[in-house]
Amino acid sequence: GRALLWASMFLALLLPARGAGGVANGRMRVLRHSRVARASQVASATRETAAARGKEGKGDDQRLSEPCNVVLTHTNADFDSLAGSVALAKLWNDEMSHVPTVVVMPRGANPTLKRFLAYHKHLYPIRGFATVRADDVRNVGVVDTQSRERLGRAADWLDHAETVTVFDHHVPASAAPAPVSDILDCAAGKVSTVVEAVGSATTLLIERLRARNVSLRDAEATLFALGIRADTGCLTYEHTTVRDAKALVWLMEQGASQQAIAEFGQARMSAHQRSVLTQALAGASVKAAHGLKFSSVVVSTDEFLSGMSHVAEEVLELTSADVSVLVVVHKGSGGKQTHYASIIGRVAPRAVTVDLNAVLQPYGGGGHPKAAAASVRLQAEGP
């Protein structure tokens with residue numbers, strides 16, 4: 001046993017000395033910050049434990065006041081929404097260092113992002129919802145959405161915040177009405193928005209970090225690069241801009257890990273996703289109209305499942321359709337009897353006249369002309 005302990009200690013001392021191509025790079029070169037990262041992870045766990053105990057015992061009012069700025073993003077987070085949120089926290093921690101800025105993730109994340117966070121969550125300023133009191137919230141940032149409804153239970157913090165700042169790259173379709181639940185419904189003069197037509201929300205924040213000459217750690221550069229790659233299809237999607245490409249180049253210069261990008265940049269289908277895909281392909285209806293092929297299908301699941309956008313993309317490709325609409329019907333969280341329909345649409349590049357963003361905005365959804373989604377509440381008894 002003692003020999004094994006000494007061997008482990010020796011390896012721990014030896015590995016950091018390896019060259020750039022050796023084992024020291026590990027899954028991500030940023031792991032050389034492991035001591036700081038582990039301390040951050042322990043501190044985060046301590047906060048969450050204290051919050052849970054406070055809720056069970058003396059209550060929230062017994063916790064010490066800890067003023068902070070908070071960055072939020074939409075439920076079922078993806079790489080772009082998380083990367084943009086962490087980038088905004090980085091920016092505000094540089095601009096407003098007197099009050100710390102943290103990221104609070106809502107319910108759900110796509111499977112690949114979950115896998116990434118399982119290894120690297122402790123490297124970023126991410127905190128649990130239960131560790132933040134509404135009275136401690138000073139300024140709120142919202143990234144990759146303009147809908148209050150998509151923020152989950154953290155949406156109530158908008159009412160407590162001194163200011164609310166929105167960064168988004170989903171430009172509303174001019175022919176469609178405004179979203180049903182809008183963050184702009186907060187008090188007048190309290191909300192400022194930055195909504196620009198770029199391929200990734202992360203790009204908007206990277207440009208601001210670069211303008212302030214803020215240096216990045218490898219872990220940050222890697223996450224931000226994954227965010228831009230995810231929402232631009234590795235710079236291949238129609239809505240990709242030169243600004244996205246420039247931001248990605250800068251992130252590579254800042255030390256983004258190509259090894260980590262290779263591992264997490266390609267989505268892998270989970271067992272749940274494969275099951276839904278099987279149902280979808282078996283029940284898909286494909287029809288031709290106006291010179292285009294349209295596929296549509298409705299599937300049911302016992303609960304909300306993340307990662308359905310990847311399934312929708314596979315349906316579009318495997319049915320050889322120009323336009324594909326996948327509707328996933330599921331119960332609300334916690335076994336509630338209320339049913340919801342998650343509508344996910346994808347359009348092939350050749351269908352230049354189709355704008356899914358305009359189609360789904362009346363249902364409280366949106367996105368891009370070629371990729372959009374909406375969530376619709378159904379009757380309690382289901383569809």
Side-chain angles (χ1 to χ4, degrees), residues 71-74 76-95 101 103 105 109-110 112-113 116 124-126 140-147 150 164-173 183 192-258 260-262 264-267 309 349 357 366-373:
V71 181
L72 307 173
T73 188
H74 55 76
N76 196 26
D78 52 34
F79 269 111
D80 185 41
S81 60
L82 177 62
S85 298
V86 173
L88 179 55
K90 179 81 172 180
L91 180 65
W92 279 4
N93 279 324
D94 185 69
E95 294 178 343
T101 300
V103 176
M105 292 181 62
N110 73 37
T112 307
L113 180 57
F116 177 86
Y124 308 105
I126 300 174
V140 171
V142 178
V143 176
D144 204 33
T145 183
Q146 301 171 57
S147 172
R150 297 193 68 194
V164 177
T165 307
V166 178
F167 285 89
D168 193 19
H169 67 128
H170 299 105
V171 178
I183 293 174
S192 60
T193 61
V194 179
V195 182
E196 299 177 11
V198 292
S200 164
T202 305
T203 296
L204 301 175
L205 282 310
I206 296 306
E207 291 175 337
R208 285 157 175 78
L209 287 169
R210 187 178 183 182
R212 289 183 61 86
N213 294 316
V214 177
S215 60
L216 305 180
R217 294 183 292 111
D218 291 357
E220 295 165 334
T222 300
L223 174 61
F224 301 159
L226 283 166
I228 293 176
R229 284 170 53 93
D231 251 36
T232 63
C234 302
L235 304 180
T236 64
Y237 290 166
E238 183 179 347
H239 58 268
T240 302
T241 68
V242 174
R243 294 166 62 183
D244 301 299
K246 289 181 177 179
L248 192 54
V249 168
W250 184 71
L251 292 171
M252 294 178 67
E253 294 172 346
Q254 290 290 302
S257 169
Q258 289 298 103
I261 290 172
F264 296 101
Q266 297 295 328
S309 59
N357 187 26
H368 303 284
K370 299 294 183 287

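Residues take their numbers from the sequence shown, with the count starting at 1.
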Any non-hydrogen side-chain atom of V86 less than 4.5 Å from a side-chain atom of P125?
yes

Would you indicate whether the side-chain heavy atoms of L91 and D94 approach each other to under 4.5 Å?
no

Should T222 and F264 count as side-chain neighbours, where that means a heavy-atom distance under 4.5 Å?
no

When R150, M105, H74 are each screened for side-chain contact (heavy atoms from CB on, under 4.5 Å) with S81, the one that passes is H74

Is the shortest side-chain heavy-atom distance between V143 and V103 below 4.5 Å?
no

Interatomic distance, OG1@T241 vs CG@L235, rounded to 0.5 Å, equals 9.0 Å

Has N93 got a side-chain atom pairing as donor or acceptor with T101's backbone, closer than 3.5 angstrom?
yes

Hey, does K246 have a side-chain heavy atom less than 4.5 Å from the side chain of W250?
no

F79-F116 aromatic ring centre distance below 6.0 Å
yes

dist I228:CD1 -> C234:SG (nearest 0.5 Å) comes out at 11.5 Å

Check: Q254 side chain, L216 main-chain N or O, donor-acceptor pair, under 3.5 Å
yes

Considering residues at least two apart in sequence or located in another chain, which fulfil the ring pair (Phe, Tyr, Trp, His ring centres under 6.0 Å) criterion with H368?
H169, H170, H239

Sequence neighbours excluded and cut-off under 3.5 Å, please list the side-chain donor-acceptor pairs for residues 197-208, or say none.
from, atom 1, to, atom 2, distance (Å)
S200, OG, D80, OD1, 2.5
S200, OG, T202, N, 3.1
T202, OG1, D80, O, 3.2
T202, OG1, D80, OD1, 2.7
T202, OG1, G84, N, 3.3
T203, OG1, D244, OD1, 2.6
E207, OE1, R243, NH2, 2.7
E207, OE2, R243, NE, 2.7
R208, NH1, L204, O, 2.7

Taking the side chain as every heavy atom from C-beta outward, state whether T165 and L88 have any atom pair closer than 4.5 Å.
no

On a heavy-atom basis, the closest approach of T145 and V166 is O-CG1, 3.5 Å

Step through the shown structure and confirm whether more than 12 heavy atoms of other residues, nucleotides or ligands are within 6.0 Å of CD on E253.
yes

Step-by-step side-chain contact (heavy atoms from CB on, under 4.5 Å) determination, L82 to Y124:
CA-CA 10 Å; L82 177 62; Y124 308 105; 5.9 Å; no

As a quick check of understanding, evaluate side-chain contact (heavy atoms from CB on, under 4.5 Å) for V195 and Q146, giving each step before the final call.
CA-CA 9 Å; V195 182; Q146 301 171 57; 3.7 Å; yes

For the atom pair CE (M252) and OG (S257), what is the distance rounded to the nearest 0.5 Å?
11.0 Å

Which residues pass the side chain to side chain contact (heavy atoms under 4.5 Å, CB included) test with A225, sequence neighbours left out?
L248, L251, A256, I261

Nearest 0.5 angstrom please: D78 CG to T112 OG1, how far?
10.5 Å

